[in-house]
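The figures here come from the full heavy-atom set of this structure, side chains too, leaving out hydrogens, waters and symmetry mates. Index from 1, following the sequence.
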Amino acid sequence: MEIFILILFMTLITFSIRAISLFVFSSRVLSTLTMRFLSLVPVAVLSSLCGPLIFKPSGYWSNPIDLVEFWAALVTVLIARYGALPAIMAGIIVYIIGYKLGF
């Protein structure tokens with residue numbers, strides 16, 4: 001029962017933070033520079049989350065040429081211009097083949 005109270009409490013806190021910021025900033029007009037800056041935040045966060053998983057999969061720095069994660073990420077980025085689904089499928093295929101070959 002305690003876990004449900006904790007989840008409810010965390011939900012209320014998270015929702016209240018988002019609701020307050022929505023009500024406070026909904027009527028504000030932001031400059032184009034600020035909007036441009038804010039549009040780059042998701043890319044920066046995703047890069048900071050994925051970078052260590054690609055370049056340090058075992059917890060220490062390795063040569064990227066020897067890492068299957070690097071090759072899968074590279075193929076995914078190169079195929080991404082054709083759409084998300086082909087990029088994801090290509091990355092998974094490269095990862096599975098590289099893992100089976102012992103990279």
Asker: How long is the gap from CG on L74 to CD1 on I79, to the nearest 0.5 Å?
Answerer: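 These two atoms lie 9.5 Å from each other.
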
Asker: Are any non-hydrogen side-chain atoms of L38 and L30 less than 4.5 angstrom apart?
Answerer: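 Side-chain contact under 4.5 Å: yes.
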
Asker: What distance do T34 atom OG1 and R28 atom CZ have between them, rounded to the nearest 0.5 Å?
Answerer: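 If we round to the nearest 0.5 Å, T34:OG1 and R28:CZ are 10.5 Å apart.
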
Asker: Can you tell me how far the CD1 atom of I7 sits from the CE atom of M10, to the nearest 0.5 Å?
Answerer: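 Atom-to-atom, I7:CD1 and M10:CE are 6.0 Å apart.
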
Asker: Rounded to the nearest 0.5 Å, what separates atom CG in L12 from atom CG in L8?
Answerer: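 Here the rounded value is 4.5 Å.
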
Asker: Before giving the answer on side-chain hydrogen bond (donor to acceptor under 3.5 Å, both in side chains), spell out for T14 and T11 the whole-Å C-alpha distance, their side-chain angles and the decisive distance to 0.1 Å.
Answerer: CA-CA 5 Å; T14 302; T11 303; over 6 Å; no

Asker: Starting from L46, can I reach I54 by hopping between I/L/V/M/F/W/Y residues whose side chains sit under 4.5 Å apart?
Answerer: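 No, I54 and L46 fall in different hydrophobic clusters.
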
Asker: Roughly how far, to the nearest 0.5 Å, is CD1 of I20 from CZ of F25?
Answerer: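 So the CZ of F25 and the CD1 of I20 are separated by 11.0 Å.
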
Asker: Do L33 and M35 land in one hydrophobic cluster if side-chain heavy atoms of ILVMFWY residues count as linked below 4.5 Å?
Answerer: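 No, L33 and M35 fall in different hydrophobic clusters.
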
Asker: Are I65 and L78 joined in one hydrophobic group, where the rule is that I, L, V, M, F, W and Y side chains link up if heavy atoms are under 4.5 Å apart?
Answerer: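 The answer is yes; both residues are in one hydrophobic cluster.
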
Asker: What heavy-atom pair brings W71 and P64 nearest, and what distance separates the two atoms?
Answerer: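 Taking W71 first and P64 second, the nearest heavy atoms are NE1-O, 3.9 Å.
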
Asker: What's the shortest heavy-atom distance between P57 and F55, and which atoms?
Answerer: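 Of all heavy-atom pairs spanning P57 and F55, the closest is CD-C, 3.4 Å.
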
Asker: To the nearest 0.5 Å, tell me how far I93 CD1 sits from T76 OG1.
Answerer: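 Those atoms lie 10.0 Å apart.
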
Asker: Could you go through V45 and L49, starting from their C-alpha distance and side-chain angles, then the distance that decides it, and tell me whether this counts as side-chain contact (heavy atoms from CB on, under 4.5 Å)?
Answerer: CA-CA 6 Å; V45 170; L49 290 174; 4.2 Å; yes

Asker: Looking at V75 and A90, what are the two nearest heavy atoms and their distance?
Answerer: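 Heavy atoms only, the tightest pair is CG1-CB, 3.8 Å.
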
Asker: Flag yes if L85 and V77 sit in one hydrophobic cluster, no otherwise; membership is Ile, Leu, Val, Met, Phe, Trp, Tyr, and two members link when side-chain heavy atoms are under 4.5 Å apart.
Answerer: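 No, it is not one cluster - the side chains of L85 and V77 are not joined through contacts under 4.5 Å.
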
